[in-house]
Amino acid sequence: MAGLRFIREFRDPKLAQSLARQIAAEVDPNRTYRFMEFCGGHTHAIARYGIPALLPPNLRMIHGPGCPVCVLPPGRVAQAIAIAEQPNVTLCAYGDVLRVPARKGESLLAAKAQGADVRMVGSALEAVALAEANPQREVVFFAIGFETTTPPTAAAILAAQAKGVRNFSVLCCHVLTPSAIMSILESSEARRWGSAQLDGFVGPAHVSVVIGSRPYEFFAEEYQKPVVIAGFEPLDVLHALLLLVRQVNEGRAAVENQYTRAVTRDGNRKAQALVAQVFELRKTFAWRGLGVLPYSALRIRAGFSEFDAEARFAIPAPEISDHPACECGAILRGHKSPRDCKLFAKACTPETPLGSCMVSSEGACAAYYHYGRFQERSAAVEAEEV
Amino acid sequence: MCLAIPAEVVALLPDGQAEVVVGGTKQVVSTALLDEVAVGDYVIVHVGFALTRLDPEEAQRTLALMAEWQTGAA
Ligand code: SF4
């Protein structure tokens, strides 16, 4: 069928089996391997294709904080709701964002039900088009995500500027992958438990398409952690795990690129240039689960302040803590599994998410919830470790 | 949200846009982030933008590497 190239061949079950056998043959039975997949896209793929069931018991996957919805702090959601409730405002956001809980019972979807004009968009350019078509309204795009979604937001701001659209602005909550990886390697838990907790990283696929493989070289060198950038298909993940096992066995810590069909060392320079033109580093940004991290997010440059919803509405983000029993924070840092949360699949489900990890299909809790096989196998692996 | 997918470019449209097909479904995406793109290229599509072109030769190379273990040489 048209358009399935580059997909089907990377899902071949026979190849998956042989890669899995090769991993099983090469792991050292006398040690454990703990690899973190940073990216929510990988968490999703690992759950969807039942990859843990193909892995030897001493190779364990740990889910990282690379799900953009999961790291969005509730205060930022409350800020977006407050802006949406201003008169004459249309607030646009990507679909998953609408269901992220802020305070109890509060979300953009709930605000919409109460009459706020909240729209789901598939692209930032749709928000610009809405602004063009409705010059009497203030159209605000709630921009979240890692380096994959940042260049599209930059392109939308530049398009609005080029077209002279004056009623379009962006609530910029874009965050940076290297800062999140750094925080995991530097966290107090990591120090307390020793960095031996993690033996390597499966590097993000599409974040790396944009930033390239170079930014990870620092982690490999400075922290002696192997990084293998992998595509999102099941064969990609298995192939990357084999390369990680080899690095660990050989005592190496290098950046390797499994996803060469899309990722280069330098990344997408044009996208990077657009981002640099429109955005600059924030001194600090509060992440859900990871706390306040220095230089970990972007804001709109002063030259584009007319497109900056924070400047335009002067509504600050309140500080809101997570549901007290929600374990998202520990899950995002790789220290707990969704199974450890008392609310999992009880009070908290994809229909009634209490924490952000249950909202997006890339969140660890939602992935566990949707793919039963993964659920059982992971529980089994965890039981063995107790 | 990050689930970006490979899509085939089937037509170039004005205003830096292109029509792409994924698994039989047509979609219009922006090509503002790419230097050049041609009909027949495969691109990774994410939130309405083509993020990069896929390199068919590299894809073949990766598949060949993976196939090394298929013969049961282990
Ligand atoms: S199951 Fe729900 S409440 Fe528990 S950690 Fe996951 S998102 Fe938070």
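Because the structure is predicted, anything quoted here is derived from the model rather than measured. Convention: sequence-line order gives letters A, B, ...; per-chain numbering from 1.
Taking every heavy atom of both residues into account, B:Met66 and A:Leu235 meet most closely at CE-O, 3.5 Å.
For the options A:Val210, A:Asp12, A:Asp236, A:Val209, heavy-atom pairs under 4.5 Å to chain B are most numerous at A:Val209. Most heavy-atom pairs under 4.5 Å with chain A, from the set B:Glu58, B:Glu57, B:Arg53: that is B:Glu58. Of the listed residues (A:Ala205, A:Ala155, A:Pro152), the one with the most heavy-atom contacts under 4.5 Å to chain B is A:Pro152. Note: B:Asp35 leads B:Val10, B:Thr25, B:Val29, B:Asp35 in heavy-atom pairs under 4.5 Å with chain A.
A:Thr153 OG1 to B:Phe49 CZ: the interatomic distance, rounded to the nearest 0.5 Å, is 8.0 Å. Taken to the nearest 0.5 Å, the CZ atom of A:Arg261 stands 11.5 Å off from the OG1 atom of B:Thr52.
For A:Leu238, no part lies under 4.5 angstrom from a heavy atom of chain B. For A:Leu274, the part sitting under 4.5 Å from any heavy atom of chain B is the side chain, from C-beta outward, and nothing else. Neither the backbone nor the side chain of B:Arg61 comes within contact range of chain A; no heavy atom of the residue lies under 4.5 Å from a heavy atom of that chain. With a 4.5 Å cut-off on non-hydrogen atoms, A:Gln258 touches chain B through its backbone and its side chain both. Both the backbone and the side chain of B:Leu34 come within less than 4.5 Å of a heavy atom in chain A.
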Distance-only criterion, 3.5 Å: show the donor-acceptor pairs between side-chain atoms of residues 262-269 of chain A and protein atoms not counting sequence neighbours.
from     : atom 1 : to       : atom 2 : distance (Å)
A:Thr264 : OG1    : A:Gly267 : N      : 3.0
A:Arg265 : NE     : A:Glu217 : OE2    : 2.7
A:Arg265 : NH2    : A:Glu217 : OE1    : 3.1
A:Arg265 : NH2    : A:Glu217 : OE2    : 3.4
A:Asp266 : OD1    : A:Arg214 : NH2    : 2.3
A:Asp266 : OD2    : A:Arg269 : NH2    : 3.1
A:Asn268 : OD1    : A:Lys270 : N      : 3.1
A:Asn268 : OD1    : A:Ala271 : N      : 2.9
A:Asn268 : ND2    : B:Leu33  : O      : 3.1
A:Asn268 : ND2    : B:Leu51  : O      : 2.8

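Residues B:Ile44 and A:Phe6 fail the side-chain proximity criterion, which asks for heavy atoms closer than 4.5 Å.
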